There are 2 protein chains.
Amino acid sequence: MSGAIDYRGLVTEGLAKQISEKIRAAILEGRLQVHERLPTEEELATRFEVSRATIREALKRLAAQNLIRSRRGPAGGNFVNRPSREELRATLASTATLLVSLGEFDLLQIAEAREEIELACCRLAVERRTDAQLEALEREIDAQRDATLADTGFCASDVRFHRVLVECAANPALEFAAAGVIEALQPAVNMIVFRFRDRRQVVGQHERIRRALENRDAEAACAALRAYMQALRTQYREAQTSRGAGAARQSAPRAAAKSRAHRRA
Amino acid sequence: MSGAIDYRGLVTEGLAKQISEKIRAAILEGRLQVHERLPTEEELATRFEVSRATIREALKRLAAQNLIRSRRGPAGGNFVNRPSREELRATLASTATLLVSLGEFDLLQIAEAREEIELACCRLAVERRTDAQLEALEREIDAQRDATLADTGFCASDVRFHRVLVECAANPALEFAAAGVIEALQPAVNMIVFRFRDRRQVVGQHERIRRALENRDAEAACAALRAYMQALRTQYREAQTSRGAGAARQSAPRAAAKSRAHRRA
DNA sequence: AACTAACATTGGTCAGACAAATAGGCAATA
DNA sequence: TATTGCCTATTTGTCTGACCAATGTTAGTT
């Protein structure tokens, strides 16, 4: 009969991977506290009965996830890291950017997701925004009014404006969810914006949003955000259609590289 | 004069890290296509003028991010990975779980974020849901009605129900944003739910949501979701207050471990 | 007391070797 | 013919042992 043997369950993964999983689990389950020091690499090698090179490969995996940091010297070693907000935001944004560059998301879908999340933020923000945040928004608006500002600088300021808007909602979890979606747009926006963006319109909508937050007027804030997103969507569509021919030329080398590549996996 | 020397720009980071960044950049910028094969470790070592061990540590960093996969043998090598949706969801959920376990997020904040995002999904879902998705929701509801289902199974089904709900919105970007926030709750919910969860109430609200999606009634769907979240919040609060004494006892060993740990960094 | 130099500890890198997996070719066998 | 066993080349996985580099400690010197 065919069910007589359990074909699965073989441990085929490398030692380094297994070890990194074990340490990772220890961190996630709290058996290793933040800022606690791991045993030295030598001792880990002894305890796991593998060589130090294998331990180091395992530790590199964790370091890549910012779960540990390492220092040399007598007081050195490998320490459990407390990931900072900024690092996590960067990780998230990088993942999201990768997804966009692989073509997993449509720009219009991202815009829709942004609209929904930022609308929620607007509703919460009118209650919770601080004066300092209002000033931060104002600073970005001022920066965006500067006609000598380069396009990349304008886009960066745009992203910062919306990041502050999300922060006004005073909900780290929502901030976390929004970070990927907002930052993922930046490179795409940068590619499009150089020709199509109407700065005055954008600044005007930013100004409307800021004023609505100041007056704690949720309706006005949402309306302004909707207008902003509507304009953004229109610009995307214009850019997409007008880039049709250029995009085909640009993507040709990639296709060639793809067929040349060894794809034996 | 003081500007004669450029004091910055010293490379203090390890070779492995620098190399992994270079390869990572090549992937993100499209110079390495998905499924394309990297040079062999030996050749990379030659080209970068480092040892193979260093190359391997660099590759491990990328492997930890699921950017590459490796296979042995003549047709083997290191290949650029196309991250699957499922892997990314797992990565996101793991990051979110870490944040929760580090106490970065309050459960009530997560609930608020979930409510906002899932409300948006409900509004979109009533227009876009498919019959297959309705059936998937129905299946989870049936599973949740089974009184013999263990608590962990009930929670898992609950998470799946809401995941399908998010999928109904037919927006991958929104799905991406929601994944972390929803899955981050699972372990916390598991810890709380064993005593406090009223299954019938949960199932009833799930049923209301499903029916509202079936009838494409956005108002009803949102109302049911709000009720679900309200109940969840109440349960959190009950659990938090009633766990006051027990939590103190549970956290004692951790505090001891913390003071015992070498925190020389 | 303050500075200096040697020392010990620990991660970072290197070199070379062998083990293990895997594809392809080749021959023996039913 | 089709299957099986075996050999070989290639590439990643792991091991060993060594030395380099950073850094806190400590003893010695001024």
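Please read these numbers as outputs of a predicted model, since none were measured by experiment. Just so it is clear: chains get the letters A, B, ... in the order the sequence lines come, proteins before strands, and each one is counted from 1.
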Check every atom of [options] against the side chain of [X] and return the nucleotide holding the closest atom.
| X | options | answer |
| --- | --- | --- |
| B:Asn78 | D:dT12, C:dT9, D:dA9 | D:dT12 |
| B:Arg72 | D:dT14, D:dT11, C:dG11 | D:dT11 |
| B:Lys60 | D:dG13, D:dC15, C:dC14 | D:dG13 |
| A:Ala53 | D:dT10, D:dT14, D:dT16 | D:dT16 |
| A:Ser70 | C:dA23, C:dG12, C:dC14 | C:dG12 |
| A:Pro74 | D:dC15, C:dC14, D:dG24 | D:dG24 |

Electrostatic pair A:Glu57:B:Arg56 at N-O distance under 4.0 angstrom: yes

Determine, for B:Arg61 against B:Glu21, whether the closest basic-nitrogen to carboxylate-oxygen distance falls under 4.0 angstrom. no

If I take atom [atom1] in residue [X] and atom [atom2] in nucleotide [N], what distance separates them, rounded to the nearest angstrom?
| X | N | atom1 | atom2 | answer |
| --- | --- | --- | --- | --- |
| A:Arg56 | D:dG13 | CZ | C1' | 16 Å |
| B:Arg71 | C:dA20 | CZ | C1' | 14 Å |
| A:Leu62 | C:dG11 | CG | P | 14 Å |
| A:Phe79 | C:dT9 | CZ | C1' | 12 Å |
| A:Glu41 | D:dC15 | CD | P | 14 Å |

For A:Lys17, report the nucleic acid contact type (base, sugar-phosphate, nothing); a contact means any heavy atom under 4.0 Å. nothing

So, is A:Thr40 close to the C:dT9 phosphate, meaning a side-chain N or O under 4.0 Å from OP1 or OP2? no

Can you say whether a donor on the side chain of A:Arg52 sits under 3.5 Å from an acceptor on the base of C:dG12, or the other way round? yes

If we count only N and O atoms by modelled type, under 3.5 Å, do the side chains of B:Asn171 and A:Gln109 hold a donor and an acceptor together? no

In short, A:Leu92 meets B:Phe176 closest at the heavy-atom pair CD2-CZ, 4.0 Å

